[in-house]
Protein chains: 2
Amino acid sequence: MHHDLTGTTPQMSRDKPESPRVTMDDLAKAAGVSKMTVSRALSGHPLVKTSTRERVLHLAEQHGFRLNIAARNLRQRSTRTIGVVIEMTPSHDRSMSEPYPLSLLGGIMQELTSHAYNMVLTTLPLFVASPPAVDGLILLGQGVHEDAVDMVQRTGLPYVIWGSVDGNEDHITIGSDNVAGGRIAADHLLGQGRRALAFIGDDKHLEIADRLRGFAARIDEAGATLVGQASSRFTREGGYDAARTLLAGGAVFDGVFASSDAIAMGVITCLRDAGHTVPDDVAVIGFDDAPGAALFTPSVSSIRQDWDRGGKLLAQKILALTKGAKPLSESMPVEIKARES
Amino acid sequence: MHHDLTGTTPQMSRDKPESPRVTMDDLAKAAGVSKMTVSRALSGHPLVKTSTRERVLHLAEQHGFRLNIAARNLRQRSTRTIGVVIEMTPSHDRSMSEPYPLSLLGGIMQELTSHAYNMVLTTLPLFVASPPAVDGLILLGQGVHEDAVDMVQRTGLPYVIWGSVDGNEDHITIGSDNVAGGRIAADHLLGQGRRALAFIGDDKHLEIADRLRGFAARIDEAGATLVGQASSRFTREGGYDAARTLLAGGAVFDGVFASSDAIAMGVITCLRDAGHTVPDDVAVIGFDDAPGAALFTPSVSSIRQDWDRGGKLLAQKILALTKGAKPLSESMPVEIKARES
DNA sequence: TTGAAAGCGCTAACAA
DNA sequence: TTGTTAGCGCTTTCAA
């Protein structure tokens with residue numbers, strides 16, 4: 001008995017088979033077996049007779065069968081997909097200045113991939129307006145608006161956050177030890193004999209606030225002074241403006257901790273424009289060890305985060321969560337990259 | 001009549017509601033309406049009486065209902081999700097040297113987001129081993145292996161490619177006009193009086209081959225000479241090694257076209273190490289206008305691609321395809337960023 | 001303005 | 001080794 005599979009699809013042009021939409025039922029009829037056997041054969045189930053499997057596989061190939069993933073997702077109650085919610089579209093040609101760069105996504109991807117999970121990238125507004133089918137979420141950044149966390153929380157999906165790791169175990173957070181990063185930055189400047197220090201960065205971000213906290217604490221311990229502080233966007237322009245504001249306010253400092261490398265470059269440029277030399281008059285240290293930090297003149301000292309590992313941890317924790325485990329928050333050490341600035 | 005929704009879910013701890021799994025059926029019973037009315041109310045269907053809608057919405061909120069996207073995807077035969085297949089995991093701290101940087105993904109995301117589509121990132125092996133539910137695919141890079149295209153083609157899904165745009169309309173391709181880029185690079189060097197030129201890059205990549213083609217053609221027209229050529233990975237180290245190979249082979253040149261900025265930096269470093277000055281002895285031009293190009297010393301001249309627009313075009317075309325339209329391939333102009341090198 | 005029936009395409013569970 | 005039954009949770013279609 002012969003079944004004309006193509007005949008079941010009414011609207012198709014002959015040159016370009018519009019949508020063959022061959023289902024397992026079709027294959028089953030063609031092979032003279034049940035739908036179930038087809039399913040087993042295609043998924044490599046060991047109990048299928050080899051000859052049967054081969055016949056089914058051949059027919060599937062021949063008819064261009066492709067599994068309907070959406071159907072399987074529904075039936076299995078699992079999508080093998082994790083959503084990554086980013087705060088901003090990762091655009092602009094200044095990937096350098098992005099707080100959550102490719103490396104973090106890279107780490108996440110590697111780990112998800114090795115567990116045969118997919119990753120869907122989304123923004124918070126899109127996630128709310130048109131949610132993708134996922135088993136769990138990774139939230140990149142609590143940002144200034146902690147309502148991002150709220151929004152995600154109310155979806156009822158398991159989630160983990162990249163950000164500031166406090167003791168609060170309401171949610172699972174992975175992040176660099178920003179407080180330690182701040183202390184290390186202070187140590188670096190103090191070690192060069194700097195005593196009047198300034199901080200530049202937006203401490204409405206929890207992570208930045210942590211850096212400032214560690215920085216200020218260490219300065220205090222050492223008996224030096226935090227003489228100034230200015231908020232800044234994560235860009236060179238932001239750093240430039242912030243430094244100018246500080247100088248205009250009459251602040252006198254010989255060391256600056258900028259909360260990103262892009263900001264640090266802006267600060268350095270501004271200092272020079274104002275007639276100061278870097279690092280002789282003022283030493284500057286940034287954060288992130290961005291690709292450009294080593295290329296800038298002078299090369300920019302920085303605090304390096306292990307983004308790759310961070311991404312992997314995020315992925316591991318969310319996968320554990322979806323499997324019912326109870327992973328813990330984790331904070332990762334940072335390290336200094338001392339350079340000319 | 002009262003329905004205890006939570007009672008339908010046997011295994012749940014009281015402190016942390018494990019999986020409420022409230023369905024529309026549950027809401028329907030609780031609201032004393034049909035499943036269908038619940039569906040309509042939740043999706044904002046205009047024919048639902050306001051009071052009914054409000055009651056349903058309230059109950060949904062109260063019971064923490066969340067739509068099962070997988071079920072909807074199956075029923076609607078659409079996932080509102082586009083897959084982006086990248087060739088490599090976007091890792092390493094040298095995002096600078098990545099051929100397909102964040103900006104391209106950024107452009108894609110912006111466009112997809114504004115059409116309420118999601119984007120799932122995947123690699124070719126993962127896509128084959130564990131395909132996500134998508135309506136279409138964007139392939140980033142034909143790469144060296146054109147079998148990537150084959151693999152994708154046989155899934156039967158609509159797809160578009162970022163890469164070298166030839167006349168071939170077998171598949172829809174978006175890409176920069178790499179041939180023109182090569183010509184512009186040649187012009188730039190020739191304009192500085194350089195006559196003995198070299199090319200560094202892996203012309204097994206179709207896009208790189210295009211750049212070389214344009215470069216060589218223009219040189220030829222001008223009566224100058226392409227005196228050497230070496231393959232290279234897309235990294236600084238690759239560029240360094242390639243330049244050394246070229247020098248070791250006895251090639252004498254006063255201008256180099258490197259197929260990426262990272263390569264160009266490696267080349268410059270190598271030339272210096274060999275006692276040549278840049279740009280006096282040898283002028284160098286790169287490709288991509290990577291973030292680091294302007295920061296390097298000397299700053300690196302480069303050919304800029306409009307990745308943001310490229311991403312948007314890719315997204316537009318794939319969306320058009322999934323809607324049954326027949327969009328065309330498109331090649332985008334590039335522009336020169338002349339700097340010190 | 002609402003509802004009943006049907007089924008999207010697949011696989012878990014059980015039976016043979 | 002294979003098949004049968006019964007849905008997964010939603011929306012389309014048609015009827016009221």
Side-chain angles (χ1 to χ4, degrees), chain A residues 5 8-10 19-57 60 63-80 130-135 156-157, chain B residues 5 8-10 19-57 60 63-80 130-135 156-157:
Chain A
L5 292 175
T8 64
T9 316
S19 46
R21 288 264 135 259
V22 180
T23 71
M24 284 190 178
D25 249 329
D26 299 323
L27 289 183
K29 281 171 193 139
V33 296
S34 78
K35 208 165 50 163
M36 208 45 237
T37 300
V38 172
S39 174
R40 290 190 182 111
L42 291 173
S43 68
H45 191 107
L47 289 173
V48 180
K49 212 196 324 182
T50 311
S51 64
T52 310
R53 181 195 339 282
E54 275 166 2
R55 191 152 35 96
V56 170
L57 255 48
H63 291 103
F65 169 81
R66 56 200 166 93
L67 186 64
N68 184 321
I69 308 291
R72 184 217 260 168
N73 285 350
L74 173 58
R75 179 65 243 219
Q76 299 194 144
R77 296 142 161 275
S78 152
T79 62
R80 292 198 86 81
S130 175
V134 297
D135 298 339
L157 285 168
Chain B
L5 293 174
T8 63
T9 317
S19 46
R21 288 263 136 262
V22 180
T23 70
M24 284 189 179
D25 249 328
D26 298 323
L27 289 183
K29 281 173 194 141
V33 296
S34 78
K35 206 165 50 162
M36 212 36 243
T37 299
V38 172
S39 174
R40 290 193 183 108
L42 291 173
S43 68
H45 191 108
L47 288 173
V48 180
K49 212 196 320 179
T50 311
S51 64
T52 311
R53 184 200 330 286
E54 275 166 3
R55 190 153 37 97
V56 170
L57 254 48
H63 290 103
F65 168 81
R66 55 201 167 90
L67 187 64
N68 184 321
I69 308 291
R72 183 218 261 169
N73 285 349
L74 173 57
R75 181 64 243 222
Q76 298 194 144
R77 294 141 163 276
S78 151
T79 62
R80 292 198 86 82
S130 176
V134 297
D135 298 339
L157 285 168

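Excluded from the calculations below are hydrogen atoms, water molecules and symmetry mates; all remaining heavy atoms, backbone and side chain alike, are included. Given the structure is predicted, the values throughout are model-derived calculations rather than measurements. So you know, we letter chains A, B, ... as the sequences are listed, proteins then strands, and number each from 1.
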[X] has an atom [atom1]; how far is it from atom [atom2] of [N], in whole Å?
X       : N      : atom1 : atom2 : result
B:Asn68 : C:dC8  : CG    : P     : 18 Å
B:Asp25 : C:dA5  : CG    : C1'   : 13 Å
B:Arg75 : C:dA5  : CZ    : C1'   : 11 Å
A:Leu47 : D:dG3  : CG    : P     : 13 Å
A:Arg80 : C:dC10 : CZ    : P     : 18 Å
B:Met36 : D:dG9  : CE    : P     : 17 Å
A:Lys49 : D:dG3  : NZ    : C1'   : 14 Å
A:Asn73 : D:dG9  : CG    : P     : 13 Å

[X] side chain N/O closer than 4.0 Å to the phosphate oxygens (OP1, OP2) of [N]?
X       : N      : result
B:Arg77 : C:dG7  : no
A:Arg72 : C:dT11 : yes
B:Ser39 : D:dT11 : yes
B:Gln76 : C:dC8  : no
B:Thr52 : C:dT2  : yes
B:Thr23 : D:dG9  : no
B:Ser34 : C:dT2  : no

Quiz item: So, for B:Asp26 and B:Arg21, which heavy atoms are closest and what is the spacing to 0.1 Å?
Solution: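 Result for this residue pair: OD2-O, 3.8 Å.
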From C-beta outward on [X], which listed nucleotide comes closest to its side chain: [options]?
X       : options               : value
A:Ala71 : C:dG3, C:dT1, C:dC10  : C:dC10
A:Lys35 : C:dT2, D:dA6, D:dT11  : D:dA6
A:Met24 : C:dC8, D:dC14, C:dC10 : C:dC10

Quiz item: Hey, is the main chain of B:Thr79 close enough, under 3.5 Å, to the side chain of B:Asp135 for a donor-acceptor pair?
Solution: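 Yes, the answer is positive, given that a donor and an acceptor are paired below the 3.5 Å cut-off.
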Self-check item: Base of D:dG9 paired with side chain of B:Arg66 (donor-acceptor, under 3.5 Å)
Solution: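 Answer no: no donor N or O sits under 3.5 Å from an acceptor.
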Would a 4.5 Å heavy-atom cut-off, applied to side chains only, mark [X] and [Y] as touching?
X       : Y       : result
A:Arg40 : A:Lys35 : no
A:Thr52 : A:Thr37 : yes
A:Phe65 : A:Leu42 : yes

Self-check item: Toward the 5' end of DNA chain D, by each residue's nearest nucleotide, B:Leu67 or A:Pro46
Solution: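 Checking each residue's closest nucleotide, the 5'-ward one belongs to A:Pro46.
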Quiz item: OG/B:Ser34 to CG/B:Asp25 distance, rounded to the nearest 0.5 angstrom?
Solution: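 So the OG of B:Ser34 and the CG of B:Asp25 are separated by 9.5 Å.
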Practice problem: Scan B:Ile69 against the nucleic acid and name what it touches under 4.0 Å (heavy atoms): base, sugar-phosphate only, or nothing. | Solution: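 It contacts nothing in the nucleic acid.
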